Number of protein chains: 2
Amino acid sequence: MRIIKEAEERKNEILDVAERLFGSKGFDNTSTNDILNEIGIARGTLYYHFKSKEEILDAMIDRMMKRLIEKAREIVSQKDVPVLQRLTMMMLSLHVSEGNFNQEILEQVHKPQNALMHQKMQERLLAGITPLITALIREGIAQGICQTDYPEEAVEMTFLYVNVAFDDLMEQSEEEKQKKIAAFIYHLERILQMKEGSMKEAIMPLFHKQRMPGSASHPYVK
Amino acid sequence: MRIIKEAEERKNEILDVAERLFGSKGFDNTSTNDILNEIGIARGTLYYHFKSKEEILDAMIDRMMKRLIEKAREIVSQKDVPVLQRLTMMMLSLHVSEGNFNQEILEQVHKPQNALMHQKMQERLLAGITPLITALIREGIAQGICQTDYPEEAVEMTFLYVNVAFDDLMEQSEEEKQKKIAAFIYHLERILQMKEGSMKEAIMPLFHKQRMPGSASHPYVK
DNA sequence: ATAAAATAAACCGACTGTCAGTCTGAAAGG
DNA sequence: CCTTTCAGACTGACAGTCGGTTTATTTTAT
């Protein structure tokens, strides 16, 4: 029995499976056979739609990052929410959004074997999100909440740090985590020359109820 | 013809070649055959000394980082040199030391295909160097030159940024580079709450002669 | 002491299994 | 007729294994 689908539809089907398999087993440990067996298509079909395994990875990451960046864009555009809260929401959205899917993939992604995937994702994310956060910071500067001569670089610096240092945060003890977060806020306030404690004050409203890790929703985040 | 060597000697021979080949072609694009052909040993010999290709990579990085960290340790221990100059030297040593070897490997290392190598090196480097720089910062704090409640995290943040952002600095235009560096110093001064411009003043003495990129020696660096 | 025997260390290279990617040619859908 | 799919055999490259060999060192026997 032969099922014909539109190219786009089939591609997405492939990407869905790839996303699940790469996410659960990693890129190197997923063979192209795994993918095409799971879907039930022939080898030729896979290579009709993608010209290499790496192209599948790239397309998958592309699709994924587009989703994330779209969410981020929505957050930034909520002009009625205070700047600093939107900033916090941005940070959070990258680590808890999409149900617990990102959780699962993040656990995979920072294993050494998935370095390629990790780097590609980080590159994309950085390129896509930096301008958005930068815009946010400029808003903050305009409002006199913060100040820096190099908003773009300030964002790069902090965002990069969040992504690398907080990636393997899960392996740390609870107090270690708290310290890392506190230190980050502390230094973020310095970089952006904010009133001491103003960042913490912005974060608190988002946590007024205790949250189970990685699940329940924030008041603003989707 | 059969040449028998002591294990250590042979291992180092293998690592030498691996270092050169991984450095010039990347990890994935270097086959185990490339390595053993170049040395003129058999397949079995290679696997007698190392149990996998990845173990070769790990050992190579280990050896490399030990050298780097040793140099860094020497720099830190030069108590007669002002703290901020030593700090600068640390940063520089990681990007220009060892002749122009690092240059070559750094160019390779930040290509997407070498993500694994890059990540492993960064992890090692971060773990090895952070404590050294942190000690330096504590000296600075004791001298009243800078101040932070979280020296360790401040170091992690800045050092991580240097490594990631300055890795692909070579591809940027000259003015882009200058801006990035200026921004970094600007924010570093803020993070460590230093007198504005004090970092720049510390850097200048190291550059009193114009230097050819990546070659001639600094007054203090080795 | 010294030759022979045993042990260990280093080495060899053919072989295996896996996997990404190619190719051909036919058939179904629209 | 043109896009999509099928089937799957094939290639070439590669990491890793294995049984066996050579060289060096130590032990034992004489």
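Note that the structure is predicted; figures quoted are calculated from it, not measured. Order of the sequence lines fixes the chain letters, A, B, ..., with proteins taken first and strands second; residue numbering starts at 1 for each chain.
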Legend entry - Interatomic distance where CD belongs to B:Glu54 and P belongs to D:dA15 [whole Å]: 12 Å
Inset, instruction - Would you tell me whether B:Gln178 and B:Glu174 have side-chain atoms, one donor and one acceptor, within less than 3.5 Å of each other? - result: yes
Between protein and nucleic acid, restricted to nucleotides 8-11 of chain C and to nitrogen or oxygen atoms under 3.5 Å apart, what atom pairs and distances do you find?
unit_1 : atom_1 : unit_2  : atom_2 : d
C:dA10 : OP1    : B:Ala7  : N      : 3.0
C:dA10 : OP2    : B:Tyr48 : OH     : 3.0
C:dA10 : O3'    : B:Lys5  : O      : 3.4
C:dC11 : OP1    : B:Ile3  : O      : 3.2
C:dC11 : OP1    : B:Lys5  : N      : 3.3
C:dC11 : OP1    : B:Arg10 : NE     : 2.8
C:dC11 : OP1    : B:Arg10 : NH2    : 2.7
C:dC11 : OP2    : B:His49 : NE2    : 2.6
C:dC11 : O2     : B:Arg2  : NH2    : 2.9

Inset, instruction - Taking the side chain as every heavy atom from C-beta outward, state whether A:Asp16 and A:Arg63 have any atom pair closer than 4.5 Å. - result: yes
Legend entry - Length of the CG-P vector between A:Asp28 and D:dG16, whole Å: 12 Å
Legend entry - Rounded distance (Å) that lies between atom C1' of C:dT18 and atom CD1 of A:Ile35: 16 Å
Legend entry - Aromatic ring proximity, centroids under 6.0 angstrom, A:Tyr186 and B:Tyr150: yes
Legend entry - Euclidean distance, atom CD1 of residue A:Ile14 to atom P of D:dT4 [Å, nearest integer]: 12 Å
Inset, instruction - Check the distance between D:dC14's P and B:Tyr47's OH and give it to me in whole angstrom. - result: 12 Å
Legend entry - D:dA15 OP1/OP2 closer than 4.0 Å to side-chain N/O of B:Thr32: yes
Legend entry - Between P of D:dT3 and CD of A:Glu9, the distance in whole Å: 18 Å
Inset, instruction - Please round to the nearest 0.5 Å and tell me the distance separating atom NE2 of B:His118 and atom CG of A:Leu116. - result: 13.0 Å
If you restrict it to nitrogen or oxygen atoms, what contacts under 3.5 Å exist between nucleotides 10-13 of chain D and the protein, and what is each distance?
none

Legend entry - Qualifying residue, where the test is side chain to side chain contact (heavy atoms under 4.5 Å, CB included) with A:Val155 and the options are A:Thr148, A:Ile133, A:Leu192: A:Ile133
Inset, instruction - Report yes or no: does A:Asp34 contribute a side-chain atom to a donor-acceptor pair with the main-chain N or O of A:Thr30 at less than 3.5 Å? - result: no
Legend entry - Point-to-point distance, once rounded to the nearest 0.5 Å, from CE of A:Met199 to CG of A:Leu84: 5.5 Å
Legend entry - Separation of C:dC23 C1' from A:Leu46 CG (nearest whole Å): 15 Å
Inset, instruction - Please tell me if the side chains of B:Thr88 and B:Met91 come closer than 4.5 Å, counting only heavy atoms from C-beta onward. - result: no
Inset, instruction - Please confirm whether A:Lys120 makes a cation-pi placement over A:Phe27, using NZ or CZ under 6.0 Å from the six-membered ring centre and within 45° of the ring normal. - result: no
Inset, instruction - Give the rounded distance in Å between these two atoms: NZ of A:Lys53 and P of C:dG21. - result: 8 Å
